[in-house]
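Take a look at the structure below.
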Amino acid sequence: MLSVDSIDLHYGAAQALRGVSLAAEPGKITCVMGRNGVGKTSLIRAVVGRKIPSRGRILWQGEDVTRLPSFERARRGIALVPQGREIFPLLTVEENLRTGFAPLERARRTIPDDVFSLFPVLAKMLRRRGGDLSGGQQQQLAIGRALVMRPKLLVLDEPTEGIQPSIIKDIGRAIAYLRQQGDMAIVLVEQYFDFARELADRIVVMDRGEVVLTGDAGALEEQAVRRHLTV
Ligand SMILES: Nc1ncnc2c1ncn2[C@@H]1O[C@H](COP(=O)(O)OP(=O)(O)OP(=O)(O)O)[C@@H](O)[C@H]1O
Ligand SMILES: [Mg+2]
């Protein structure tokens, strides 16, 4: 359903991705792993339309979206939980959630119940400013905001980065619940191997702008994956 086919991506003269391919399908979690600076976020930028690749193509539901701007991809059901969360600090939790309405037709502009059943803390803090939430609460808010769009492809860029263990568990449960619903494809960028192993159906390991290892999560040898994650 998502097919990234041999993309290159440049920042000026610097090449960040070389011939990277990736697939994702409904009801499955594709986990992208790799050390700092290997190009994981660059790949995600290409998928969501924040950066256009210099070679290769990206197909989503059979359509070539390689050069579509990000708001057009959002309208086609692609949602991002960005690295660093990008919560609006001066907006309330409710207002942050409502920013997810932007790509939706008026009739669909409601916050789905799932957001509050997965993350009850958001219901309790609706009037609180985003900037006053803890890092973990902001991460839950960032996921909630993406779910408001009722995505068909949910892309999460390191959702456990800097988050306390109890909230990491909640986030893991939420991602597992979304997979089990069966109609959403999930791409999860993750450096924390144990978290990835519990959730992933497929694992794609990157190193220096390239995919160096890929396979079904159950079949990949742990040592081989870990070798690419440790410095
Ligand atoms: N906006 C940018 N301008 C120039 N170079 C960039 C930019 N963003 C990333 N890079 C470079 O591209 C390469 C890949 O970076 P990227 O952020 O994609 O890696 P990453 O795997 O997401 O790292 P991390 O795990 O730290 O988030 C790095 O060398 C980085 O310095
Ligand atoms: Mg990154």
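Atoms within each ligand, like the ligands themselves, are counted from 1 in listed order.
No side-chain N or O of Asp8 forms a donor-acceptor pair with one of Ser54 less than 3.5 Å apart. Defined by atom type and a distance below 3.5 Å, a donor-acceptor pair is present between the side-chain atoms of Arg150 and Thr110. Using a 3.5 Å distance cut-off with no hydrogens or angles, the side chains of Glu94 and Thr92 do not pair a donor with an acceptor. Side-chain atoms of Tyr11 and Ser42 form a donor-acceptor pair, as typed in the model, at a separation below 3.5 Å.
Here the heavy atom of the protein found nearest to atom 27 (O) of ligand 1 is Gln83 NE2, 2.8 Å. Distance from atom 19 (O) of ligand 1 to its nearest protein heavy atom, with residue and atom name: Gly39 N, 3.2 Å. Among protein heavy atoms, the minimum distance from atom 25 (O) of ligand 1 is reached at Lys40 NZ, 2.7 Å. In terms of protein heavy-atom proximity, atom 10 (N) of ligand 1 is closest to Tyr11 CE1, 3.4 Å. The protein atom (non-hydrogen) at minimum distance from atom 17 (O) of ligand 1 is Thr41 CB, 3.7 Å. Considering only non-hydrogen protein atoms, atom 14 (C) of ligand 1 sits nearest to Gly37 O, 3.4 Å. Scanning the protein for heavy atoms near atom 8 (N) of ligand 1, the closest one is Arg45 NH1, 3.2 Å. Residue, atom and distance of the protein heavy atom nearest to atom 26 (O) of ligand 1 are Asn36 ND2, 2.9 Å.
By the criterion of a heavy-atom distance under 4.0 Å, the backbone of Arg35, and not its side chain, is placed next to ligand 1. When non-hydrogen atoms are compared, ligand 1 lies under 4.0 Å from the backbone of Ser42 as well as from its side chain.
Vertex the Mg ion (ligand 2), arms ending at OG1 of Thr41 and OE1 of Gln83: the angle is 80° after rounding to 10 degrees.
The shell of residues lying under 4.0 angstrom from ligand 1, judged by heavy atoms, excludes Glu161.
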